[in-house]
Trainee: 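Sharing a structure below in structure tokens format, with a few things to ask.
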Amino acid sequence: MKAFCPVCGGEVELPEDVMPGELLECQSCGATLEVYEQESAFKLREAEEIGEDWGE
Amino acid sequence: MKAFCPVCGGEVELPEDVMPGELLECQSCGATLEVYEQESAFKLREAEEIGEDWGE
Amino acid sequence: MLLVKAGGRALLNVSEIARDLAAYSPFVLVHGGGDQVTSYSLKMGVTPRIVISPSGVKSRYTDARELEVYIMVMAGKLNKEIVSKLLDRGVKAAGISGLDGPTLIAERKRKIVVVEKGRRRVVPGGYTGRIVAVDTSLIRALLSGGFSVVLAPVARGTQGEALNVDGDQAAYQLALALKPEKLVILSDVDGVEVDGSPMRGMSWLEAAELAKAVGPGMNRKLLMASKAAEAGVEVVIASGLKESPVTRALGGEGTRVKP
Amino acid sequence: MLLVKAGGRALLNVSEIARDLAAYSPFVLVHGGGDQVTSYSLKMGVTPRIVISPSGVKSRYTDARELEVYIMVMAGKLNKEIVSKLLDRGVKAAGISGLDGPTLIAERKRKIVVVEKGRRRVVPGGYTGRIVAVDTSLIRALLSGGFSVVLAPVARGTQGEALNVDGDQAAYQLALALKPEKLVILSDVDGVEVDGSPMRGMSWLEAAELAKAVGPGMNRKLLMASKAAEAGVEVVIASGLKESPVTRALGGEGTRVKP
Ligand SMILES: [Zn+2]
Ligand SMILES: [Zn+2]
């Protein structure tokens, strides 16, 4: 399964069991990309900067 | 099933399905008696003065 | 200072009660919540046992496991939900239980008489107590700091154990100790009715008389209201399910018991 | 004034901690209790979900149902148990949560990154927050009234929601705001060890360096201790499982991070 990098337009290989929200790196431009589902297809968008979890 | 009144010594008839803690009245002397179990037999003792329950 | 008791059923309207109460801060709010305790007990596999006293009053029998749920729901879930609603309305609110301080000291019954199969039976008393002393210093420290107080009906037993206490009794005992301007008791009914007609007002003597004539639940409320009024605190018994329930109660709705 | 944090595992020794703490009242005690939340969640049919952050820190994922149990256990059961133990020792104690006041304001994460199947994934943030502001007025009102404060790690979110916050973080933020004489952090280990040998003392700069070298859990503790010490508060990290654990920690046992 493949999708396109929204930054450089390059092809990105998706894992077979890809999960919505999964973070991938574009091999062409190095951007961190987030997988999302749209019309039952997996697409990619640039990931926001997100820290770690916290709590008791 | 019968037991003896600790106040007047009279015989008191116990219900067939008598419950430990059950309160009975002695027909002879009118005392309020509490059923208790001792050596797998039901016996009677004079009941203490006890109020009602309370709580939310 | 205003003292308000909101029973578990009045709390179905908690957002509106909080909105209305905001105008009267700092206040002291005692809450109930028996129905919620029952529903969580069931969730946790604890089957509530309801006992009936010889005079016909039903009450929850609180064993050790039920007490655990009681404290979690009353002092944890409900108390913090009410505090959150008040904070939403800009009220500086602090939630405590009667155990904190300690504020409410209660005596646990060693034995109680219940009715089973129509027969009277003596059973060990549960973790339920009758309030025997009130220490207002924690509440006063909070009020002086500008905080409204939300109090869960849990008390410290004379042997150090935590105890379930009746919310109405807690409110009445706090009324005697705090001497608020008024005690407003919000429940799910419009006040006291006699033969279908609502009573607007009565003296504490009349309330004590009337307590003998009305059903269980309301009779306890009236008896406590009578004692609070005898001690100089006006009591209003009103519905908590309306719009602006506190303002309505203070403005003349419901039943008032006068000193 | 002394500020103490007792984690859930140190609380296995709660009677002894209470006995020892009585000599230092009024104090502020922040408690944990994650293991107890897990056990109650299971009882109520809520399966705890543990997430692993990209840096390897495991934490509880708090959904709405889990938050409910969290508040009931932390602000209800545990908080009142600790207060009861302190009352047993003659301490005037009042139990609150960080939500009350409000005292602790936290920001809820909209999204978090977790590791699943060894891959990084963005998921909606649970009801977990990072403390962004502290208002000490409620705690100060209680201390002025002579009451020791027992605080459950629950905060008010910036959107008004209740949030689970880390107990260590709560203690560290309270240290910055209250400037206590000392902050004592009681856990189930004897302090910080490096290559098997215990560290007696270090500067806040050394602590910040060392935080990079020790395992998760202790690294967070060291980082927060370093920041508290940088702000002038001496921090002692020690075992809560010994006899007189607070007195021992103040007397030289454990690891101290100095200003
Ligand atoms: Zn790219
Ligand atoms: Zn007899």
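What you see below is based on every heavy atom in this structure, not just the backbone, and it leaves out hydrogens, waters and symmetry mates. Note on naming: letters A, B, ... go to the chains in the order of the sequence lines (proteins, then strands), and numbering restarts at 1 for each one.
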Trainee: D:V91, D:D135, D:N79, D:L138: which one forms the most heavy-atom pairs within less than 4.5 Å of chain C?
Mentor: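 Top count of heavy-atom pairs under 4.5 Å with chain C: D:L138.
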Trainee: Counting heavy atoms not belonging to D:K77, are there more than 12 under 6.0 Å from its NZ?
Mentor: yes
Trainee: Taking atom NZ of C:K85 as the centre, report whether more than 12 heavy atoms of other residues, nucleotides or ligands fall under 6.0 Å from it.
Mentor: no
Trainee: Go through D:R140, D:R156, D:E68 and name the one with the most non-hydrogen pairs under 4.5 angstrom from chain C.
Mentor: D:R156
Trainee: Might you confirm whether atom OH of C:Y127 has over 12 heavy atoms from other residues, nucleotides or ligands at distances under 6.0 Å?
Mentor: no
Trainee: What is the distance from atom CD1 of D:I105 to atom CG of C:L87, rounded to the nearest 0.5 Å?
Mentor: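 Taking CD1 in D:I105 and CG in C:L87, the distance rounds to 8.0 Å.
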Trainee: Answer yes or no: does atom CZ of D:R19 have more than 12 heavy-atom neighbours from other residues, nucleotides or ligands under 6.0 Å?
Mentor: yes
Trainee: With only heavy atoms counted, which part of C:L142 is less than 4.5 Å from chain D, the side chain, the backbone, both or neither?
Mentor: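 Contact with chain D involves the side chain of C:L142 alone.
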Trainee: Which atoms form the tightest heavy-atom contact between C:K80 and D:D100, and what is the distance?
Mentor: NZ-OD2, 2.8 Å
Trainee: C:S144 versus chain D, heavy atoms under 4.5 Å apart: side chain, backbone, both or neither?
Mentor: neither
Trainee: Looking at D:S137, D:A141, D:G45, which one has more heavy-atom pairs under 4.5 Å with chain C than the rest?
Mentor: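 Highest number of heavy-atom pairs under 4.5 Å: D:S137.
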Trainee: Which residue out of C:E81, C:E161, C:M44 racks up the most heavy-atom pairs below 4.5 Å with chain D?
Mentor: C:M44
Trainee: Got a sec: does the NZ of C:K227 have more than 12 other heavy atoms crowding it under 6.0 Å?
Mentor: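 Atom NZ in C:K227 is not packed in, count stays at 12 or less.
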Trainee: Give a yes or no on this: more than 12 heavy atoms of other residues, nucleotides or ligands lie within 6.0 Å of atom CZ of C:F27.
Mentor: yes
Trainee: Could you tell me the separation between the CD1 atom of C:I96 and the OG atom of D:S97, rounded to the nearest 0.5 Å?
Mentor: 12.5 Å
Trainee: Would you compute the distance between atom CZ of D:R65 and atom NZ of C:K43 and round it to the nearest 0.5 angstrom?
Mentor: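 Those atoms lie 7.0 Å apart.
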Trainee: Is it the backbone or the side chain of D:A93 that comes under 4.5 Å from a heavy atom of chain C, or both, or neither?
Mentor: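 When you check distances to chain C, only backbone atoms of D:A93 fall under 4.5 Å.
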Trainee: Flag the one option from C:I71, C:V69, C:L86, C:D88 with the top tally of heavy-atom pairs under 4.5 Å to chain D.
Mentor: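 Max contact count across the listed options: C:D88.
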